[in-house]
Amino acid sequence: QVQLVESGGGLVQAGGSLRLSCAASGGTVNRYEMGWFRRSPGKEREFVGAMSRGPGYTTYTNSVKGRFTISRNPDKNEVYLQMNSLKPEDTAVYYCAASSATSAAGTYEFWGQGTQVTVSS
């Protein structure tokens with residue numbers, strides 16, 4: 001059982017940056033596909049990006065490409081979401097999630113509790 005805890009959210013002005021962290025326990029981050037999702041008020045949960053297990057290939061939704069970067073630190077067993085050039089529409093609760101090798105593609109079994117990111121205009 002993997003436990004995930006996000007941190008690093010907060011209030012930032014448009015154009016600013018934040019780095020979210022996801023601390024994992026019960027499993028090593030490089031053995032899971034690690035995803036970031038977000039949910040804005042009144043909207044469905046949205047995929048933000050993910051890092052593959054093993055080599056750590058990354059993929060992002062179009063709206064954050066070039067602005068957001070996912071990285072990981074296996075020594076700390078953490079995954080990060082670096083968010084630059086933030087826009088008000090990035091305001092959301094951000095979630096970290098983990099998908100094991102035995103799960104169906106795109107299925108994330110483990111989720112964190114979320115951290116709020118608010119971008120003011």
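Both I70 and L4 belong to a common hydrophobic cluster when Ile, Leu, Val, Met, Phe, Trp and Tyr are linked at side-chain heavy-atom distances under 4.5 angstrom. Put simply, Y95 and V117 are part of two different groups of oily side chains (I, L, V, M, F, W, Y) that touch within less than 4.5 Å, one to the next. Linking ILVMFWY side-chain heavy atoms closer than 4.5 Å, directly or via other members, places V93 and L86 in two distinct hydrophobic clusters. In the hydrophobic cluster analysis, where Ile, Leu, Val, Met, Phe, Trp and Tyr join through side-chain heavy atoms closer than 4.5 angstrom, W111 is grouped apart from L20. Hydrophobic clustering (ILVMFWY, side-chain heavy atoms < 4.5 Å, transitive): V64 and Y108 are in distinct clusters.
In this structure, a donor-acceptor pair under 3.5 Å is present between the side chains of S25 and Q3. A donor-acceptor pair shorter than 3.5 Å cannot be found between the side chains of Q82 and Y80.
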Query raised in the report: Does the side-chain contact (heavy atoms from CB on, under 4.5 Å) test come out yes or no for V29 and K76, once each step is laid out?
Result: CA-CA 9 Å; V29 294; K76 292 186 175 182; over 6 Å; no
Requested in this report: Starting from the C-alpha separation in whole Å, work towards a yes-or-no answer on side-chain contact (heavy atoms from CB on, under 4.5 Å) for F68 and L81.
Outcome: CA-CA 7 Å; F68 290 12; L81 180 66; 4.1 Å; yes
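Remark: side-chain polar atoms of E6 are paired, donor with acceptor, to backbone N or O of Q113 under 3.5 angstrom. Not one N or O on the side chain of T118 forms a donor-acceptor pair closer than 3.5 Å with the backbone of L11. Side-chain atoms of R53 never come within 3.5 Å of backbone atoms of M34 as a donor-acceptor pair (strictly under, hydrogens ignored). No side-chain donor-acceptor contact under 3.5 Å links N77 to the backbone of A23. Within the 3.5 Å criterion, the main-chain N or O of R72 finds no donor-acceptor partner in the side chain of E78. Here the side chain of S52 pairs a donor or acceptor atom with the backbone of Y57 at under 3.5 angstrom.
A heavy-atom distance below 4.5 Å is found between the side chains of T69 and Y60. Counting only heavy atoms from C-beta outward, the side chains of T59 and M51 never approach each other to under 4.5 Å. Taking 4.5 Å as the limit, some side-chain heavy atom of R67 sits within range of a side-chain heavy atom of K87. Between W36 and C22 there is a side-chain heavy-atom pair separated by less than 4.5 Å.
Proximity of the aromatic rings of F37 and F47 is defined here by a centroid distance below 6.0 angstrom, and this criterion is met.
The two residues G8 and L18 come nearest to each other via the heavy atoms O-CD2, 3.8 Å. Contact record, S17 with N84: OG-OD1, 2.9 Å, taken as the closest heavy-atom pair. Between V2 and Y32, the shortest heavy-atom distance links the atoms CG2-OH, 3.3 Å. Of all heavy-atom pairs spanning E109 and T107, the tightest one is OE1-O, 3.7 Å. S40 and A92 make their closest contact through OG-CB, 3.6 Å (heavy atoms, listed as atom of the first residue, atom of the second, distance). Residues A14 and P88 share a closest heavy-atom pair of CB-CD, 4.1 Å.
Of the residues R45, E46, K43, the one that meets the side chain to side chain contact (heavy atoms under 4.5 Å, CB included) test with R38 is E46.
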